[in-house]
Amino acid sequence: MSQQQPPPPPAPPGGAPAASSTSAAGDLTDQLIATSIWTDEMVAGAGIPVVDVPLVSVGGGIGSFVLADFLRIAGMPAGSMRALGQADRPWDTYAYLASVSQIPEPERLRSDAGSTPDNIWGFPSFAVREAFGARSLTGFIAPLFQVLVEPILTDYYTPPAGHVYAGMQREADRIGWWDMVDKGQVRMIRRRAGGGYFTILTPPTGTSATKRVAYRSHHVHTAVGYPGVRFLRDLQEYREKHQDFTRVVNAYEPHEHVYQELRKRPGTVVVRGSGIVGSRILQRLIDDREQHGAQTTIIHLFRNFVDGPQGKSIFMRRPGADGFAYQGFNFPKAAWGGQLKNRLERSDPEERKELIAQMGGTNTPKRKLWQQQLAKGRREGYYRTQVGTVTEVYPGDDGTVVTRIDTADGILEIAANYIVDATGLQADIGEHRVLNDLLEHGGAGRNAVGRLDVEPSFEIRGTRSGEGRIYASGSSTLGGYYAGVDSFLGLQYAALQIADDLASQRFVKKIGPIRSTLQWWKWAFNRKVS
Amino acid sequence: MTPTLFGRIQTRVFLVAVVGSLWTLLITPVLPGVDGVPYAMTFSILLVVGLAGVVWEFLYHALQQFRWEKDWPTLLSLITGVNEGVLAWFIVAAGFAPGIDDGVPLSAFLVHFITTWLVIFLYANGPMRVPFLRWRYRGGRLV
């Protein structure tokens, strides 16, 4: 294959090793930090050792893994890419967030059968694999029947989280992923004079002779996940003012103590958020009532209560009821690969922002179990809804937390034992160190919704360095030409676009029908990618 | 699936012309109630199903516009075989299918149509993605 080679390493001055020329510290200097485009000499001068590799992927999570999968299948040698990140396994961060937000491994994700981060084709789907892995006739038929009749007669099929992780483990072994990973925390990506980039990694203490290591590459890919969890403003103020991190919790942080305490004695929980995370929290609270005898009263707070289908046009009307906007996945299905995807691609930036808001926003699937649980809760009075705007949260009597709400009927105060912020809000991309550095020094800009401005190929606009390109995938790119970026299928689509863009530069081969079919056979028989 | 109109038509033509033809080659020799190996008859039926199918796609696409998800659920792509089969039978029975002079036994039509429909359905809902990696992101467009 025609593999681009990284730029040649600089000739060591005077024949001495580059790292020993001026400084043995191997750390960032003020000059490096302040300079947007680095020369080889600057890096050598700081004593930072350089690793040459054609492509670096920053993150090391599922986004990096899925890109590696596509590129390996497109003919890239394992040695041509390094994934830099802190996790032991690419799905660790995802599994952690899923687990604390109440999707442990046996529970099902919100992802369809064909969104397969361990298989670039989406075939066989998770439903087919679940059927053929079943040990009973019912276990065989149930998932196949569900994908046949979804969503008309049943809920959408969604795979158990554990199946997805096991699939990625197998694929990681197959493509040689484990040898492509260098652990550590990425500090920054800077353009290199003469083309390409430097990516600065801080390896774990004791694993490297220097504090930093520089990866010099032609191209860089970033897939850093969520920049951080964001709290509702009033809850953040409460936590900071009263230093109470026990009674006011976020669904994306460990909060098992809430459920354990509520099993022991009756209590009241205020749940904020009516998206998928809110639904999971409600399910857990009601499961604990039904299975463990908890006597919890749930007050579900809505700022915007959806009381019916949303949308003026009958051709663009989302189902909704009981406060919730309903759809199977975080966007309507056609946003991933149908007419809504086409429409988004044709729109201008402002139209895209509007369309993304219309198709996305806060929504949750209309699952039969959740409908039944909430209906029962309403009947028996332990699930109540309240609509209004929270004006203040403050400590109450007996260790409670009081939420003051401005409602249509006046001011209301609700005392609760716990408040769970299940809004699933994400921090601004500027709060992520690497992305912020790209915005300040790398030439990256923001799109209409404030995230990274990317091309249809997922190249970050404005960051080109010579022939080198920086790509991004995942939630940091929301607001661009593709809505479902923060999903397994979205990561696969981004990886395909990036692989095609790299193929156009002869970095890898284009995956045409023949290569695709041959490689699929290899996948099917679990043969290693060469 | 999440087809676009153009994707629907391309996929339909490909499935009938390639997958349908291959299956018709295999099934024709064992069809009940016919003499010999009536390839002219079965390929004529396939042509009718293909041409009528392109027209059907316009209706399906119009119905899809009432769905928020703008998708076409798997079950619909299976059960539309009923209306399409009925129409195809009437076209064939009325003598509008080219190259069929002696009429078609219903048993032969049913076996041919139903098996072809199922083979196409199964292929489109899985193996189609293997050679055509980008197909599912392009609303069913192949080119």
Side-chain angles (χ1 to χ4, degrees), chain A residues 70 73 113-114 119-125 128 147-154 156 309-311 313-319 326-329 331-343 359 482 489 492-493 496-497 499-500 511-521 523-524, chain B residues 1-12 14-15 18-19 22 57-82 117-143:
Chain A
F70 271 84
I73 287 168
N119 169 301
I120 68 168
W121 303 270
F123 174 75
S125 71
V128 170
V147 279
L148 175 66
V149 304
E150 69 176 15
I152 299 174
L153 303 181
T154 62
Y156 277 109
Q310 307 165 290
S313 164
I314 55 166
F315 300 118
M316 207 64 187
R317 188 170 291 166
R318 176 159 59 191
Y326 293 121
Q327 66 194 26
F329 307 96
F331 287 95
K333 281 204 97 176
W336 277 271
Q339 53 187 110
L340 295 173
K341 171 175 177 275
N342 285 5
R343 193 171 149 194
M359 297 191 300
Y482 198 72
L489 193 58
Q492 291 192 283
Y493 177 74
L496 177 59
Q497 295 295 101
D500 280 352
I511 309 175
I514 295 171
R515 171 172 282 269
S516 186
T517 306
L518 293 174
Q519 288 292 327
W520 184 85
W521 275 107
W523 183 92
Chain B
M1 282 187 279
T2 53
T4 60
L5 179 59
F6 203 31
R8 282 177 172 279
I9 294 168
Q10 286 190 23
T11 299
R12 169 73 71 139
F14 172 83
L15 289 173
V18 178
V19 183
L22 286 172
E57 294 293 0
F58 282 85
L59 174 66
Y60 302 155
H61 197 67
L63 292 174
Q64 181 177 298
Q65 301 318 303
F66 292 94
R67 291 185 56 74
W68 162 254
E69 305 265 357
K70 299 288 179 283
D71 62 340
W72 194 245
T74 312
L75 184 62
L76 296 185
S77 55
L78 182 66
I79 63 169
T80 45
V82 176
W117 192 267
L118 288 176
V119 166
I120 284 179
F121 170 80
L122 289 174
Y123 181 79
N125 279 285
M128 177 95 181
R129 294 172 179 177
V130 171
F132 307 113
L133 186 58
R134 295 160 191 83
W135 174 72
R136 61 173 167 157
Y137 303 108
R138 299 163 94 183
R141 274 194 307 113
L142 288 163
V143 290

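Chain A is the first sequence line, chain B the second, and so forth, proteins listed ahead of strands; every chain is numbered from 1.
Note: B:Pro127 leads B:Gly139, B:Pro3, B:Pro127, B:Gly7 in heavy-atom pairs under 4.5 Å with chain A. Interface check for chain A: of the options B:Met128, B:Met1, B:His61, B:Arg141, the most heavy-atom pairs under 4.5 Å are formed by B:His61. Contact tally against chain B (heavy-atom pairs below 4.5 Å) for A:Leu496, A:Val128, A:Leu153, A:Asn342: the top residue is A:Leu496. Chosen from B:Thr4, B:Leu76, B:Val130, B:Ile79, the residue pairing most often with chain A at heavy-atom distances under 4.5 Å is B:Val130. When B:Leu75, B:Asp71, B:Leu5 are compared by the number of non-hydrogen pairs under 4.5 Å with chain A, B:Leu75 comes out ahead. Here A:Arg318 is the residue among A:Met359, A:Gln519, A:Arg318 with the most heavy-atom pairs under 4.5 Å with chain B. No other option in B:Phe6, B:Phe66, B:Phe132, B:Trp68 has as many heavy-atom pairs under 4.5 Å with chain A as B:Trp68. Ranked by non-hydrogen atom pairs under 4.5 Å with chain B, the options A:Ile514, A:Val147, A:Leu489 are led by A:Leu489.
At distances below 3.5 Å, not a single donor-acceptor pair connects side-chain atoms of B:Lys70 with backbone N or O atoms of A:Lys333. Judged by distance alone, the side chain of B:Arg138 and the main-chain N or O of B:Gly140 form no donor-acceptor pair under 3.5 Å. Counting only distance, with no hydrogens or angles, the side chain of B:Gln10 and the backbone of B:Val143 share a donor-acceptor pair below 3.5 Å. No side-chain donor-acceptor contact under 3.5 Å links A:Glu150 to the backbone of B:Pro73.
Under the 3.5 Å distance criterion, with hydrogens and angles disregarded, a donor-acceptor pair is assigned to the side chains of A:Ser516 and A:Trp121.
Interface remark: A:Phe331 contributes backbone atoms only to the contact with chain B (heavy atom separation under 4.5 Å). Residue contact with chain B, scored on non-hydrogen atoms closer than 4.5 Å, involves the side chain of A:Lys341 exclusively. For B:Arg136, the parts lying near chain A are the backbone and the side chain together; criterion is any non-hydrogen pair under 4.5 Å.
Nearest heavy atoms, A:Phe70 versus A:Ile511: O-CD1, 3.8 Å.
Note: A:Trp336 and A:Phe329 have perpendicular aromatic rings, judged against thresholds of 30 and 60 degrees for the angle between ring planes.
Salt bridge present: B:Arg8 and B:Glu57 bring a charged side-chain N and a carboxylate O closer than 4.0 Å.
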